[in-house]
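Reading through the structure tokens given below for one structure.
The figures that follow rest on heavy atoms only: side chains count, while hydrogens, waters and symmetry mates do not. Quick caveat, the model's predicted, so the values are computed rather than measured. To find a chain, count down the sequence lines: A is the first, B the second, and so on, and within it residues start at 1.
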2 protein chains.
Amino acid sequence: MTRTHEKVGDLPEGGYDVPTTPGEAAARVEQALKFLDGRWKLEILFQLFGGRVQRFSELERAIPDVSQKMLIQQLRGLERDGIVRRVVYPEVPPRVEYALTEWGQALCPALDALLRWAAVRGALPVS
Amino acid sequence: MTRTHEKVGDLPEGGYDVPTTPGEAAARVEQALKFLDGRWKLEILFQLFGGRVQRFSELERAIPDVSQKMLIQQLRGLERDGIVRRVVYPEVPPRVEYALTEWGQALCPALDALLRWAAVRGALPVS
DNA sequence: CTGTATCCCGTACGATACTG
DNA sequence: CAGTATCGTACGGGATACAG
């Protein structure tokens, strides 16, 4: 594994069922964003992108200022939503590893689109 | 139908300056998402996508359950961030129109990417 | 029609202490 | 190492009333 995601962009190339009303479309995007909603979720995701697998303590060190409580809480949320996978090794001392699911990896192109959007701020006429 | 953004995708095709660290990338996406953060902003955006210009009262009617206070508040935020443009006509009775700026229109591909991501939920192996 | 001004409340988050 | 438990607070957002 640890397939980086050079080709993740090609998922259902044919298209997906298109929202019919503005309200419906908004609701779907809102639901998608709800998965990402949380002070530390994006930090976690970017730490895990590219197939990187990390232990709890590694994440804790990689993300300055996050508390144990918050790190766990956000990881639990991501796990419950099927974005992050948690693997426990029955050892002493305990060892737990976190990685993205395939769906989690599929987030990459979407976040990149947001990055691009943010990047053109100011490069466009005031309109 | 309502393929709102057939050709909006071509912005700075060459690429944008790429974040170097996970933390930096996360911070940029967080900032982008902060612009969209607000209970009614996505609803408003989808009402305005495709170049549709709408009056305050039209938006109020188009978005059920939104209060005047919240509608104004969210519109003010979008305006301050350069996503929405507000045009006042000095008439009696007052008339105000809202539309997306070019940058606001440029959001379309990014939101569409999120839509696609949400759409593949379940179509991917549990990993 | 297009807004302002208050009051109120739930909740996400931080700080801190404790545990198998 | 990898969590759990508890308390305190800031803030987004709903309800309502008022105004140019």
Rounded to whole Å, the CD-P distance (B:Glu43 to D:dG13) equals 13 Å
Worksheet item: With a 4.0 Å cut-off, would you call B:Arg116 and B:Asp112 a salt bridge?
Response: yes
Rounded to whole Å, the CG-P distance (A:Asp37 to D:dG12) equals 13 Å
Here the distance between atom P of D:dA15 and atom CH2 of B:Trp40, to the nearest Å, is 9 Å
Item to complete: Check whether any side-chain N or O of A:Arg55 sits under 4.0 Å from OP1 or OP2 of D:dA2, and answer yes or no.
Response: yes
Taking it one step at a time, do A:Phe56 and A:Ile72 satisfy side chain to side chain contact (heavy atoms under 4.5 Å, CB included)? CA-CA 9 Å; A:Phe56 183 83; A:Ile72 284 288; 3.3 Å; yes
Whole-Å distance, B:Tyr89 OH to D:dG20 C1', equals 21 Å
query = Between B:Arg28 and B:Asp17, does at least one N-O distance fall below 4.0 Å, as a salt bridge requires?
reply = yes
Contact check, residues 65-77 of chain B vs DNA chain C, heavy-atom distance under 4.0 Å, returns B:Gln68, B:Lys69, B:Ile72, B:Arg76
d(B:Leu75 CG, B:Ile83 CD1) to nearest 0.5 Å is 11.5 Å
Discussion item. Any non-hydrogen side-chain atom of A:Gln47 less than 4.5 Å from a side-chain atom of A:Trp40?
Written reply: no
note: A:Glu58, atom CD; D:dC1, atom P; distance rounded to Å ~ 11 Å
Practice problem: Could you give me the CA-CA distance, side-chain angles and deciding distance for B:Lys41 and B:Glu43, then say whether salt bridge (Lys or Arg N to Asp or Glu O under 4.0 Å) is met? | Solution: CA-CA 5 Å; B:Lys41 288 195 182 152; B:Glu43 291 261 12; over 6 Å; no
CG of A:Leu45 to CG of A:Leu36, rounded to nearest 0.5 Å, is 6.5 Å
Chain B vs DNA chain C, heavy-atom contacts under 4.0 Å, first-to-last nucleotide span, 5' to 3', is C:dC1 to C:dT6
For B:Ala27, does its backbone N or O pair with a side-chain atom of B:Glu30 as donor and acceptor, under 3.5 Å? no
